[in-house]
Amino acid sequence: MKAIIYLRISDDRTGQQLGVSRQREDCERKAKERGLEVVAVETDNDISAYSGKRRPGFEAVLQAVTEGRASVVIAWSLDRLQRNRRDELRLYEACRDANAQLALVNGADLDFSTAAGRFVADALGSVARMEVEMKSDRQRRAALQAATAGKPAGGRRPFGFDDGGMIVRPLEAAAIAEGFDSFLAGIPLGEVARTWNRQGFVTGQKRRGANAGQPSPWTRSSVRDVLGNPRYMGKRAHKGEIVADALWPAIVTEETWHAAQAILAHRAGNQTPNAAKYLLSGLALCGVCGGNVHAGANARREVRGYRCANSFGHFARMAEPVEDYVGQVIAARLSLPDAGHLLTDSSNVNLPELRAEATALRQRLNSLATDFAEGELTTQQLRHATARIQEKLATAEQAMADAGRVDVLGPLIAAGDVLEAWTNMTTSKQRAVIDLLATVTLHPPGRGTRTFRPETVGIEWKSS
Ligand SMILES: [Zn+2]
């Protein structure tokens, strides 16, 4: 019969030194006594390996047994052969399935090809299985307990906090708060990422490939992860559910966080991978067909231009005069004495009330689930009630999001020179302001004229 020898070098805390050469001699003697042909010797070194790391030698033994290349595994003792209960179970199962034997220098052999051997192995295996299950039960319970107590989950250092996840790093926290504000003001995720990168912040992740090991810069998706993490409003989530108030301080308010989620959910379906570089693309409408306006060069490619997304025939015109004009009109509007009303008018939203409503709706959703679990609701009733509440919740969240977006106007109105403040804004922020205030319609520029004619750009104020 063919045998495979397994040797393990481990940190002997029991003081009984057992060198690998001694293990090997003993195992080879055992093979000779039993008349076995040794086809391979596998060795693992547990001293250099940290716990949890796969043992290549052990895996090779399992594979040899499973593939029938060896029908006897020779080891010095059971505790040499297996390091933990999980491995023990895997070994028994592999041997049982292959009718293989365990031959031990120090201990009784286990022959899985006989009924008695299988019985002993099953008994040992079920003890092992129970221990494995109890351990993961304990771990699950401990994790849930930590979560409901609002303790940090551990793992990588969260952006904005120290290693333990409890102490705020002020500079990072300020960047996060600003990131939320910008996002609510309509700034794309990619631009928030660029801002953080410019400010010298990095993610906790390490780069792969070229520059492996260096910290990763921020990307749209890692910014999205931050904005979507309830940690930043001081809540502890567990398996995707918010389960407790966190022990660490919040960086943004609950309204801000929920408003951001509403926008993230809304945007999930219609992502625009490339942030708009043009002030009006996708924002203004074609005066001929009412369709979207795209950035598009006219005949001379070096000139930035706009055109109808549906047809070149509708219009194509130079971008710059249009953008200058729109900026001037917006600035003029915000310089009027009544500009402040734009803020109060469009933010006559009662945030605390909305927030309370949303909280109540979420609680109602939770209690529905309980009612269903206790058999007080049918599946049909649950589905109906859930849909109704989720609809109301979406409305409340959208209202909070709208209120958040109004923040973008404040600094403009407060500026001494609105036009200058406008000029200093990023394109994304300018777009957010236009989107909030007006509908812009672009008409054909008119034939044979080099003069910009304001009547070819329609600016219709949105009523709030
Ligand atoms: Zn058109």
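Numbers here are sequence positions counted from 1.
For residues 153-166, the side chain to side chain donor-acceptor pair (under 3.5 Å) pairs, not counting sequence neighbours, are Arg157-Glu172, Asp162-Arg169.
Between Trp196 and Thr203, the closest side-chain pair of non-hydrogen atoms is not below 4.5 Å. Counting only heavy atoms from C-beta outward, the side chains of Val293 and Phe315 approach each other to under 4.5 Å. No side-chain heavy atom of Val440 sits under 4.5 Å from any side-chain heavy atom of Leu283.
Remark: Thr441 pairs with no residue by the side chain to side chain donor-acceptor pair (under 3.5 Å) rule, at least two apart or across chains. Taking the side chain to side chain donor-acceptor pair (under 3.5 Å) definition, one finds that Thr43 meets it with nothing, sequence neighbours left out. Under the rule for a side chain to side chain donor-acceptor pair (under 3.5 Å), Glu420 has no partner lying at least two apart in sequence or in another chain. Arg383 is linked by a side chain to side chain donor-acceptor pair (under 3.5 Å) to nothing, counting only residues two or more places apart in sequence or in another chain.
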Using distance only, find each side-chain donor-acceptor pair of residues 232-240 under 3.5 Å and give its atom names and separation, not counting sequence neighbours.
{"from": "Tyr232", "atom 1": "OH", "to": "Phe159", "atom 2": "O", "distance (Å)": "2.7"}
{"from": "Lys235", "atom 1": "NZ", "to": "Asp245", "atom 2": "OD1", "distance (Å)": "2.3"}
{"from": "Arg236", "atom 1": "NE", "to": "Lys151", "atom 2": "O", "distance (Å)": "2.4"}
{"from": "Arg236", "atom 1": "NH2", "to": "Lys151", "atom 2": "O", "distance (Å)": "3.3"}

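Formation of a donor-acceptor pair under 3.5 Å by the Asp44 side chain with backbone atoms of Arg8 is not found in this model.
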### Task
Kindly indicate, with the supporting measurements, whether the criterion side-chain contact (heavy atoms from CB on, under 4.5 Å) is fulfilled by His384 and Gln380.
CA-CA 6 Å; His384 271 291; Gln380 183 79 352; 3.6 Å; yes
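Counting non-hydrogen atoms of other residues, nucleotides and ligands closer than 6.0 Å to CD of Glu241 gives a total of 12 or fewer.
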